Amino acid sequence: MQGKEFPAHRGRMEYVCLGCGARRPGDSLLYTCPDCGSVLLLEDLDFSELKKTPGTEWRRIFDERAATPHTALRGIFRFYEMLAPMLEEEDIVCLGEGQTPIVEASPSLRAATGVDFAYKNDGQNPSASFKDRGMACAFSYLKWLCRRNRWDEVLTVCASTGDTSAAAAMYAAYVGAPLKSVVLLPHGKVTPQQLSQPLGSGATVLELPGVFDDCMKVVELLAEKYRVALLNSKNSWRILGQESYAYEVAQWYNWNVTGQCVFVPVGNAGNITAVMSGFLKMLDLGIITDLPRVFGVQSEHADPVWRYYDAPKENRQWKPVTVQPSVAQAAMIGNPVSFPRVKRLAERFIEAGGERAFQVVRVTEQQIMDAMIQANRHGHIACTQGGECLAGLLNARSLGLFGEGEHAVLDATAHSLKFSGFQNMYFTDGFPPEYGVTPDKRLANKPELLLPESARRGVDVATFARLGADAVVKRLDLQAK
Ligand code: F0G
């Protein structure tokens with residue numbers, strides 16, 4: 001098998017229900033089990049065929065594809081056989097997603113925090129969040145479906161805290177007919193930057209009062225009763241695409257993740273599902289020899305998954321929570337639809353990697369903001385959810401859950417620019433009381449206007465340059481050479 005050619009393996013994809021175990025063919029779009037209503041995961045019935053190729057060979061193939069001339073294999077689909085191996089090359093949509101860098105914490109940030117870690121900058125995806133990984137797979141699957149069924153119009157819908165809608169609208173706009181994108185947002189609960197994205201992509205942007213959980217219920221009803229394609233992570237094809245995050249972490253560290261701790265912010269819980277699933281698949285194929293440890297992180301203001309795992313094993317009961325305003329707004333979800341998937345995969349993860357292989361930690365809003373501001377002052381580009389991961393790592397260390405000789409990879413799930421409003425609130429001490437964040441005033445940063453607007457009027461450029469330079473020299477107390 002040549003790494004630079006389009007892959008020969010074709011699998012047979014099947015939905016597996018996590019409630020009743022029923023199986024259905026993957027050639028139609030399903031979100032929940034028609035028998036019992038539970039969420040689904042996808043499996044390749046021919047996955048065992050992949051085991052005939054040794055793990056070392058898979059590593060070589062995936063490494064070689066990093067330099068492939070095939071556009072279709074440049075992004076997340078360089079892991080084609082592990083994702084949706086019934087797609088043809090013509091189906092694959094690649095907008096430059098994946099291949100995001102892992103940037104070690106700056107030496108001074110490492111010294112300041114006393115922990116050894118790196119950020120994986122998933123904000124460097126095309127719509128500036130990790131959602132593009134899942135959308136690349138979901139839209140490639142939609143193209144496959146449209147081709148087979150000759151559909152002439154497909155309405156894609158999603159509820160969103162901002163990033164899913166940005167990604168869905170962008171991919172739909174790129175693919176074009178027969179796809180049309182509609183996004184449903186909780187009014188006032190996505191950032192202006194996130195809101196500008198589906199608007200710019202030409203999607204129909206609908207808003208409702210309430211929070212994400214309310215909008216999610218609405219799109220679930222729509223997907224049940226009407227002809228629409230749901231693009232939330234209930235759509236299992238998105239989970240497959242997001243597994244690429246795990247493959248890339250392993251590849252970055254030369255396929256050795258022993259001693260690595262992977263921190264993931266948890267909202268609707270699709271991402272942590274995908275990350276665990278990806279590592280398990282690699283272990284199964286011998287591509288990695290050990291699992292890393294996976295840590296989910298939640299804010300005190302939206303912590304149902306943390307609550308579940310914090311209870312003693314014998315008393316664990318799943319209960320959604322009512323969310324409070326959170327700076328990790330993209331993960332501000334009280335009733336994550338993928339919780340049953342997390343439960344199932346955490347069981348498998350612990351079975352294969354031991355009790356410490358899966359953990360959930362909780363952080364305060366204050367810790368999230370302090371961590372994000374601190375990271376970015378050291379040259380990183382963490383969003384509030386990326387700040388949440390660093391806060392989670394620091395708490396894990398305090399709790400003795402993360403120790404000597406371990407290294408953490410934190411998911412900076414979106415670009416810091418999408419959440420600059422929270423940075424601004426920190427710098428101006430402008431948080432409404434319900435967030436419970438008091439900024440460290442020493443970190444406040446603001447622009448300084450050195451001359452009044454009138455100073456530019458009526459003078460030539462050379463005169464203005466001297467005036468401006470004088471003002472800078474005075475402000476910085478510069479010494480002549
Ligand atoms: N970080 C960011 C930047 C997100 O946008 C999200 C989820 C999460 C973390 C949590 O990931 O839901 O897979 O557990 N955003 C979704 C959205 C809900 O609509 O954009 P999760």
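None of these values were measured; they are calculated from a predicted model. Numbering of ligands and ligand atoms starts at 1, following listing order.
Nearest to atom 11 (O) of ligand 1 among the protein's heavy atoms is Phe130 CZ, 3.5 Å. Nearest protein neighbour of atom 10 (C) of ligand 1, counting heavy atoms only, is Gly267 N, 3.6 Å. In terms of protein heavy-atom proximity, atom 13 (O) of ligand 1 is closest to Asn271 N, 2.8 Å. Shortest contact from atom 4 (C) of ligand 1 to any protein heavy atom: Ala330 CB, 3.4 Å. Atom 2 (C) of ligand 1 has its closest protein heavy atom at Thr413 OG1, 3.3 Å.
In the vicinity of Ala414, heavy-atom distances shorter than 4.0 Å reach the ligand 1 atoms 3 (C). Shown in contact with Thr161 at under 4.0 Å from a heavy atom are these atoms of ligand 1, numbered in order with element: 15 (N), 16 (C), 17 (C), 18 (C), 19 (O), 20 (O). Per-residue contacts place Gly270 under 4.0 angstrom from the following atoms of ligand 1 (heavy atoms of the residue considered): 13 (O), 14 (O), 21 (P). Atom numbering of ligand 1 starts at 1 in the shown order; those under 4.0 Å from a heavy atom of Ile333 are 18 (C). Counting atoms of ligand 1 from 1 in the listed order, those under 4.0 Å from a heavy atom of Val266 are 14 (O). The distance from ligand 1 to the heavy atoms of Ser160 drops below 4.0 Å at these ligand atoms: 17 (C), 19 (O), 20 (O).
For the residues Thr164, Leu231, Asn268, Asp122, the heavy atom positioned nearest atom 20 (O) of ligand 1 is part of Thr164. Evaluated by nearest non-hydrogen atom to atom 3 (C) of ligand 1, the leading choice among Asp163, Ile239, Thr384 is Asp163.
The closest approach between a heavy atom of Ser129 and any atom of ligand 1 is not below 4.0 Å. Residue-ligand proximity: Asn232 is placed with every non-hydrogen atom at 4.0 Å or more from ligand 1.
Of all the heavy atoms of Lys131, the ones lying under 4.0 Å from any atom of ligand 1 belong exclusively to the side chain. At a heavy-atom cutoff of 4.0 Å, ligand 1 is contacted by no atom of Val264, backbone or side chain.
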Quick one: do Gln374 and Asp370 satisfy side-chain hydrogen bond (donor to acceptor under 3.5 Å, both in side chains)? Show the steps, please.
CA-CA 6 Å; Gln374 190 182 24; Asp370 290 342; over 6 Å; no

Show, in sequence, the C-alpha distance, side-chain angles and deciding distance for Gln423 and Ser416, and conclude whether the side-chain hydrogen bond (donor to acceptor under 3.5 Å, both in side chains) test is met.
CA-CA 9 Å; Gln423 172 184 291; Ser416 55; over 6 Å; no

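Side-chain contact, Lys234 with Thr32: no donor N or O sits under 3.5 Å from an acceptor N or O. In this model, no donor atom of one side chain and acceptor atom of the other lie less than 3.5 Å apart for Gln197 and Ser165. Residues Gln99 and Arg78 bring a donor and an acceptor atom of their side chains to less than 3.5 Å of each other.
Taking a 6.0 Å sphere around CZ of Arg397, one finds it holds more than 12 heavy atoms contributed by other residues, nucleotides or ligands. In Arg110, the CZ atom is not crowded: 12 or fewer heavy atoms of neighbouring residues, nucleotides or ligands sit closer than 6.0 Å.
On a distance-only criterion, Cys383 and ligand 1 share no N/O pair closer than 3.5 Å.
Phe339 has its ring centre less than 6.0 Å from the ring centre of Tyr308. The distance between the ring centers of Tyr309 and Phe358 falls below 6.0 angstrom.
Between Glu243 and the choices Arg133, Lys281, Arg238, the salt bridge (charged side-chain N to carboxylate O under 4.0 Å, His left out) rule is met once, by Lys281.
Of the possible donor and acceptor atoms, none in the side chain of Ser326 sits under 3.5 Å from a partner among the backbone N and O of Met332.
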